[in-house]
Amino acid sequence: MSEGRTTTVSVIKADIGSLAGHHRVHPDTILAASRVLAEAKRKGVIKSFYVTNAGDDLQLIMTHFKGVDNPEIHELAWTAFREATKVAKDLGLYAAGQDLLSDAFSGNIRGLGPGVAEMEFVERPSEPIVVFMADKTEPGAFNLPLYKIFADPFNTAGLVIDPRLHDGFIFEVLDVFEGKAVELRTPEEVYDLLALIGTPSRYVVKRVYRKSDREIAAVVSSERLSLIAGRYVGKDDPVMIVRAQSGFPAVGEVLEPFAFPHLVAGWMRGSHHGPLMPVGLKDSKVSRFDGPPRVIALGFQVKNGELIGPADLFDDPAFDEARRQAQMIADYIRRHGPFMPHRLGPEEMEYTTLPEVLKRLKDRFKPVEMGYKPKVKHESGEAADVD
Ligand code: F6R
Ligand code: MG
Ligand code: MG
């Protein structure tokens with residue numbers, strides 16, 4: 001689309017090293033990245049930016065007029081992460097450079113480690129957006145909230161009341177194992193949609209469009225580090241951009257699903273289910289059992305390509321009860337220790353260090369007569385490893 005007519009919001013994040021293990025980003029790395037973006041703003045490459053952290057992930061929120069997947073913008077983010085990594089290494093921060101899986105930039109940051117969510121739109125006269133950033137979980141963690149925001153009338157009153165939302169939305173669902181996508185329309189295909197996105201480790205809602213005019217409504221980062229690297233690197237802590245108000249769900253409808261701290265995969269060693277706790281920026285850090293998984297929500301207005309804000313939307317007593325529930329759930333589920341369903345299932349544990357441990361037991365298994373021959377449908381997981 002032609003320059004100037006549309007605005008692009010790019011949220012690009014990476015864990016390039018953190019303070020006190022995986023606890024939180026160090027302020028000096030935020031400064032290093034901000035310097036790179038300030039220079040790019042001065043040169044007119046980007047229009048505006050905001051740098052922050054979600055736990056141990058460095059978050060670059062940028063606006064510009066260059067569209068999504070723009071090589072110059074991706075290279076800028078890459079440079080910012082590289083400069084921040086230098087500081088992380090100087091300070092001896094933990095896992096410095098962790099998410100930068102390649103030494104060289106090759107035109108697109110996707111596939112190199114960082115997570116990317118970008119959307120391009122013609123600005124409405126007033127354009128409120130909410131940027132969600134989560135730590136210690138995976139992109140599919142946004143499946144449930146997105147379903148509620150855009151397809152559940154018990155969450156979003158506008159789906160019933162507002163004629164501009166009443167036609168429903170289109171969900172683009174990505175199969176991250178196969179590299180395929182499918183579009184499903186709501187409300188008419190909600191059961192099919194749920195049949196897929198109820199498996200958030202594999203099926204990730206990538207984008208949501210308004211059905212009446214295919215206007216972009218939401219986008220999620222879908223990069224899964226373990227599937228890029230083929231091994232456990234760190235969790236694929238996701239980000240999401242949602243447009244709100246005037247024909248989209250209201251900000252309050254966009255935030256409402258997070259009043260329920262649903263169970264997500266991630267937490268300690270990327271290997272455990274735990275509640276997703278909504279927090280303000282001051283609590284954007286992880287502690288207990290490297291968690292619990294947290295999400296922040298920053299609200300902005302976008303005006304002539306400029307980011308106005310942010311508003312720290314979960315820094316509000318209205319979410320105290322969700323935080324308290326999350327603590328209770330954390331207490332309860334932690335008591336399972338190394339047992340499922342606290343620990344993830346065998347398919348997801350394939351990408352952790354557990355298979356190395358199981359390999360050591362492999363030769364100690366001896367055949368037994370069970371009286372029947374088991375008919376196993378697929379060979380993945382622990383059973384296959386110890387056969
Ligand atoms: C989860 C995460 C942490 C680490 C854990 C062990 O995404 O980053 O929970 O997995 O702290 O880290 P290492 O193996 O580096 O000691
Ligand atoms: Mg980390
Ligand atoms: Mg993280």
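Computed from heavy atoms alone, side chains included, the values below leave out hydrogens, waters and symmetry copies. Remember, it's 1-based here, ligands and their atoms both numbered in the order they're listed.
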Nearest protein heavy atom to [atom], by residue and atom, and its distance?
atom                    : value
atom 12 (O) of ligand 1 : H22 NE2, 3.6 Å
atom 2 (C) of ligand 1  : K136 CE, 3.8 Å
atom 7 (O) of ligand 1  : Y232 OH, 3.2 Å

Within reach of ligand 1, part of R269 (heavy-atom separation under 4.0 Å):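 Both of them.
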
Just so I know, are the side chains of S246 and R124 near enough to count as touching, which here means a heavy-atom distance under 4.5 Å?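 Yes, side chains in contact.
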
Is the shortest distance from a Lys or Arg side-chain nitrogen in [X] or [Y] to a carboxylate oxygen in the other one below 4.0 Å?
X    : Y    : value
K359 : E356 : no
R288 : D331 : yes
K136 : D56  : yes

Pair D15, Q98: side-chain N/O donor-acceptor within cut-off below 3.5 Å: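 Short answer, yes.
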
Determine the minimum heavy-atom distance between [X] and [Y], stating which atoms define it.
X    : Y    : value
D167 : P187 : O-CD, 3.9 Å
T7   : G305 : CG2-CA, 3.7 Å
E83  : V36  : CG-CG2, 3.6 Å

Per-atom contacts of ligand 1 with [X], taking only distances under 4.0 Å to non-hydrogen atoms:
X    : result
G270 : 1 (C)
Y94  : 13 (P), 15 (O), 16 (O)
W267 : 1 (C), 9 (O)
M268 : 9 (O)

Distance, nearest 0.5 Å, that separates CZ of R294 from OG of S287: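 Reported to 0.5 Å precision, the distance equals 5.0 Å.
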
Going by heavy atoms, is G21 under 4.0 Å from ligand 1?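 Judged by the 4.0 Å heavy-atom criterion, G21 does not count as contacting ligand 1.
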
Given L354, which partner from the list E348, M349, R269 fulfils the side-chain contact (heavy atoms from CB on, under 4.5 Å) test?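 In the set E348, M349, R269, the residue that makes a side-chain contact (heavy atoms from CB on, under 4.5 Å) with L354 is M349.
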
Which of these, D56, D15, D290, has its nearest heavy atom closest to atom 3 (C) of ligand 1?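 Among D56, D15, D290, the closest heavy atom to atom 3 (C) of ligand 1 belongs to D290.
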
Under 3.5 Å donor-acceptor pairs involving side-chain atoms of residues 215-223, not counting sequence neighbours:
residue : atom : partner : partner atom : Å
E215    : OE2  : R243    : NH1          : 3.0
S221    : OG   : V239    : N            : 3.0
S222    : OG   : K206    : NZ           : 3.2
E223    : OE1  : V116    : N            : 3.0

What protein N, O or S atoms come within a distance below 2.8 Å of the Mg ion (ligand 3), ordered by chain and number?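 As for protein N, O or S atoms lying under 2.8 Å from the Mg ion (ligand 3), they are D56 OD1, D57 OD2, D135 OD1, D237 OD2.
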
